[in-house]
Every structure is written in structure tokens, then in C-alpha cells.
Amino acid sequence: IARRFQTRAGEIDLVLRKGRLLVFAEVKARQSADEAVFAVDERTRRRIERAGDAFLAGKPELATGAVRYDIVAVVGWRVRIVTDAWRAER
């Protein structure tokens with residue numbers, strides 16, 4: 001749905017949709033997949049959640065389905081996707 005969606009709260013690298021599922025994904029490129037995954041710390045997660053809330057506020061028709069947060073770890077040409085990497089604290 002969107003790439004590099006920017007709000008005052010922060011940026012979401014990718015916003016994807018499959019049916020009623022909405023995915024907010026953070027993309028990190030590092031020397032290893034573990035480094036990329038661990039680079040998404042608590043502060044980064046909260047920023048993405050706030051930006052996701054802003055995204056949904058602008059598109060209320062998408063707010064009726066489930067929301068998932070993924071991490072896309074990029075190492076050279078390899079991509080590792082950590083689905084449902086965390087749950088929003090609400």
C-alpha cells in the first residue's frame with residue numbers, strides 16, 4: 001500500500017495488505033540477519049506503532065482488520081522476514 005510512509009510520529013518503511021491483514025514492516029540492512037533484527041529496539045517499535053496509528057487515522061477503512069508488525073532483515077542479496085515480530089502494547 002505504501003513505501004516510506006512519513007508522519008510526525010515517524011516513518012514506516014513498508015505498509016502491506018493481504019485481505020483484512022495490514023502489515024507494518026521495518027526494513028533493516030546489516031552485516032547479519034541477527035544484527036538487523038536486534039536493531040529494531042523498543043524505541044523503534046514504539047515509533048513504528050505511533051506512525052501506524054497515524055496511518056490508520058488517515059485510512060479508517062483499513063482499521064477494521066488485524067494489524068501485524070514485521071521486520072525485514074536484508075543481508076547482501078538475502079532477505080529474512082520475521083513475521084509478527086512484536087505486538088503493540090495497547
Side-chain angles (χ1 to χ4, degrees):
I1 294 176
R3 283 188 280 181
R4 299 190 74 186
F5 176 77
Q6 295 185 4
T7 71
R8 297 181 94 176
E11 179 182 278
I12 302 172
D13 292 332
L14 296 172
V15 180
L16 308 123
R17 181 177 159 197
K18 183 176 183 181
R20 291 178 43 110
L21 174 66
L22 193 64
V23 177
F24 297 119
E26 178 72 0
V27 179
K28 291 289 185 189
R30 296 288 189 274
Q31 293 295 316
S32 75
D34 285 344
E35 284 180 68
V37 171
F38 289 117
V40 183
D41 59 13
E42 188 71 21
R43 183 176 168 198
T44 303
R45 290 183 202 131
R46 298 301 158 242
R47 175 187 53 79
I48 295 166
E49 290 171 19
R50 286 190 307 272
D53 291 343
F55 179 86
L56 290 172
K59 299 187 181 303
E61 69 277 8
L62 297 176
T64 60
V67 174
R68 188 176 80 198
Y69 298 91
D70 291 358
I71 299 172
V72 179
V74 180
V75 180
W77 292 101
R78 291 186 178 162
V79 175
R80 176 176 151 202
I81 301 172
V82 179
T83 58
D84 206 12
W86 77 90
R87 299 284 171 114
E89 294 180 19
R90 292 193 161 62

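- Contact between R45 and V40 at its shortest, heavy atoms only, is NH2-O, 3.3 Å.
- In this structure, R4 CZ and L14 CG are separated by 10.5 Å, a value rounded to the nearest 0.5 Å.
- Among all heavy-atom pairs drawn from A2 and F55, the shortest one is CB-CE1, 4.4 Å.
- Interatomic distance, D70 CG to D13 CG, rounded to the nearest 0.5 Å: 12.0 Å.
- Residue R80 comes nearest to A33 through the heavy atom pair NH1-CB, 3.5 Å, listed as atom of the first residue, atom of the second, then distance.
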Stepwise side-chain contact (heavy atoms from CB on, under 4.5 Å) check, L62 with R17: CA-CA 9 Å; L62 297 176; R17 181 177 159 197; 3.5 Å; yes
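- Separating the CG atom in L56 from the OG1 atom in T64 is a distance of 9.5 Å, to the nearest 0.5 Å.
- Closest of all the heavy-atom pairs between A9 and R47 is O-CG, 3.4 Å.
- Contact annotation: the side chain of F24 never approaches that of R68 to less than 4.5 Å [non-hydrogen atoms, C-beta and beyond].
- Within the 4.5 Å cutoff, the side chain of I71 has no heavy atoms near those of the F38 side chain.
- Heavy atoms only, all atoms of each residue included: A51 and F5 are closest at O-CE2, 4.0 Å.
- Pairing each heavy atom of E26 with each of T44, the nearest pair is OE2-CG2, 4.1 Å.
- Annotation: Q31, atom CD; neighbour count of heavy atoms from other residues, nucleotides and ligands within 6.0 Å does not exceed 12.
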K18 and V23: CA distance, side-chain angles, deciding distance, side-chain contact (heavy atoms from CB on, under 4.5 Å) verdict: CA-CA 8 Å; K18 183 176 183 181; V23 177; over 6 Å; no
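- Within a 6.0 Å sphere centred on CZ of R30, other residues, nucleotides and ligands contribute more than 12 heavy atoms.
- Residue L16 is grouped with residue I81 when hydrophobic side chains (ILVMFWY) are merged at heavy-atom distances under 4.5 angstrom, including chains of intermediate members.
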V82 and V72: CA distance, side-chain angles, deciding distance, side-chain contact (heavy atoms from CB on, under 4.5 Å) verdict: CA-CA 6 Å; V82 179; V72 179; over 6 Å; no
Trace of the side-chain contact (heavy atoms from CB on, under 4.5 Å) decision for L21 with V67: CA-CA 6 Å; L21 174 66; V67 174; over 6 Å; no
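- Side-chain contact check for I1 versus L22: some heavy-atom pair is nearer than 4.5 Å.
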